[in-house]
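In what follows, a single structure is set out as structure tokens and then discussed.
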Amino acid sequence: MSTVESQLVGAELSEQLIAIRRDLHRHPELSNEEFRTTEVIRSWLTEAGVRIADYSLRTGLIAEVGGLREGPIIALRADMDALPIQEDTGLAYASEVKGRMHACGHDFHTTVLLGAAALLKERESELKGTVRLIFQPAEEKATGARQVVESGALAGVQAIVGIHNKPDLPVGTIGIKGGPIMAAADGFVVEVDGLGSHAAVPEAGIDPIVTASHIVTALQAIVSRNVSALKSAVISVTKLHSGTAWNVIPEKAILDGTIRSFDPEVRSHVLKRFEQVVQGVAAAYGTTASLRWIEGPPPVVNDERLAREAEAAASALGLHAVTPVPSLAGEDFAIYQRHVPGLFVFLGTSGKQEWHHPAFDLDERAIDPSAAFLAAIAQRLLAERA
Ligand code: NI
């Protein structure tokens with residue numbers, strides 16, 4: 001790391017941020033149970049003189065910096081929940097809670113947003129509007145963003161910026177890309193109706209196993225025949241259950257799986273074709289099928305103007321903006337983007353393991369440049385919109 005990056009945050013704040021991240025890491029809390037984490041954030045912000053905004057959230061918290069004069073509102077969002085994973089890092093500050101771990105680095109995101117809050121507080125008189133800080137609960141369950149939106153915390157917001165650590169990017173780099181960056185992650189459950197009979201007399205029944213097998217095969221043609229080769233989608237059937245005995249044709253077959261996509265039009269077309277194929281194949285075999293969607297978050301699609309502004313903010317700090325490879329994981333940040341233009345950026349953390357791994361860890365030297373970047377982009381977006 002260059003000296004430029006190490007001087008972006010003062011030594012005292014830098015030490016405080018490392019301490020707070022280690023404290024959060026020791027005490028991971030699952031989605032919608034982030035009570036201690038919320039209190040840690042509240043007391044730290046209060047100590048720093050940052051005002052807590054009055055939105056009713058059971059866990060999570062909204063705060064504000066700036067607003068000393070009329071002006072736009074820019075939101076910054078970090079998530080804060082952990083995962084039901086047993087930590088295996090051997091760190092001195094490893095999780096003290098059995099079977100719970102900050103294995104996606106949301107402790108880091110919370111810390112980075114606290115750092116940005118402190119930096120913005122130092123420059124409060126220069127801010128050309130208000131920065132709303134969203135500490136969002138329950139990202140891992142993809143329900144927290146909805147809770148925040150329902151609390152009214154997006155009212156008046158002109159743009160929102162979200163962050164996620166990225167193990168494959170080195171410390172000091174910021175992954176910025178306009179357009180799709182994280183996938184829509186939908187689930188499905190298909191129940192194929194059969195008519196039971198003796199295995200030796202199939203003509204007396206309707207075999208749901210044969211029907212389900214043809215459905216699985218026919219679904220494979222959707223991505224290859226209905227999606228442009230220049231776009232992408234994935235359909236994976238990951239479970240297929242049927243039958244109870246070797247000599248009985250069963251009453252039903254159930255198949256589950258997931259559909260991943262980036263482009264909203266591709267997504268809706270694939271979902272439509274999926275339904276047609278399931279019903280059409282079932283009808284061809286003289287039966288019916290029911291289909292239940294488990295709607296995941298939509299894709300995260302970044303605003304192009306915000307992406308350009310973020311690149312300018314990064315380079316003004318001497319940080320290296322890179323174009324990241326999109327991820328097929330889902331992110332409920334997409335919910336905010338239904339309401340306001342949004343940008344989801346990746347923060348380089350030089351990690352050795354991918355997200356959700358029991359040995360997941362990140363380089364703490366990523367905290368300072370990430371906090372400095374987040375403060376800088378907020379300040380820039382306000383100035384551009386004032
Ligand atoms: Ni995550």
Side-chain angles (χ1 to χ4, degrees), residues 21 24-25 27-34 37-38 41 59-60 76-87 89 95 97 99-116 133-148 160-169 171 173-177 180-185 258 260 262 296-302 324-337 342-364 366-367 370-371 373-374:
R21 189 251 156 175
L24 295 174
H25 195 82
H27 303 100
E29 294 175 300
L30 296 182
S31 307
N32 291 317
E33 296 173 9
E34 309 93 333
T37 309
T38 302
I41 295 166
T59 55
L76 303 177
R77 176 273 209 171
D79 46 17
M80 55 200 280
D81 51 338
L83 288 157
I85 292 175
Q86 179 62 40
E87 179 159 349
T89 58
S95 170
V97 189
R100 304 276 183 274
M101 179 190 177
H102 269 296
C104 201
H106 297 188
D107 52 339
F108 168 78
H109 305 160
T110 298
T111 304
V112 166
L113 187 52
L114 289 173
L133 312 160
I134 298 175
F135 293 89
Q136 182 206 301
E139 191 285 321
E140 296 292 357
K141 285 202 172 147
T143 57
R146 279 197 179 86
Q147 294 168 36
V148 170
I160 183 166
V161 178
I163 52 173
H164 209 291
N165 69 86
K166 199 75 170 63
D168 61 338
L169 296 181
V171 170
T173 59
I174 314 284
I176 302 167
K177 179 186 170 298
I181 187 80
M182 304 270 295
T258 183
R260 302 293 169 112
F262 286 109
V300 175
V301 181
N302 281 337
V325 177
S327 164
L328 279 151
E331 235 300 339
D332 77 353
F333 184 77
I335 303 292
Y336 300 113
Q337 294 177 315
L343 178 73
F344 197 67
V345 297
F346 289 139
L347 307 169
T349 49
S350 301
K352 292 189 181 66
Q353 308 290 352
E354 258 307 322
W355 302 329
H356 299 201
H357 191 285
F360 174 87
D361 190 20
L362 46 82
D363 187 332
E364 287 176 329
I367 296 173
S370 298
F373 167 75
L374 203 52

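We count ligands from 1, going down the list as the structure has it; atoms in each ligand are counted the same way. All values below were derived from every heavy atom in this structure, side-chain atoms included, with hydrogens, water molecules and symmetry-related copies excluded.
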**Non-hydrogen atoms of I335 and R146 that approach each other most closely** = CD1-NH2, 3.5 Å
**Item:** 4.5 Å side-chain heavy-atom contact, L347 and I174
**Value:** yes
**Item:** Check: P180 and P326 side chains under 4.5 Å, non-hydrogen atoms
**Value:** no
**Message:** I'd like to check the salt bridge (Lys or Arg N to Asp or Glu O under 4.0 Å) partners of D332; sequence neighbours left out, ordered by chain and number.
**Reply:** R77
**Residues that A138 engages under side chain to side chain contact (heavy atoms under 4.5 Å, CB included), provided they are two or more places apart** = S31, N32, E34, T143, Q147
**Complete:** Sequence neighbours excluded, the answer for side-chain hydrogen bond (donor to acceptor under 3.5 Å, both in side chains) partners of D363 is R365
**Complete:** Protein N/O/S atoms closer than 2.8 Å to the Ni ion (ligand 1) number 3
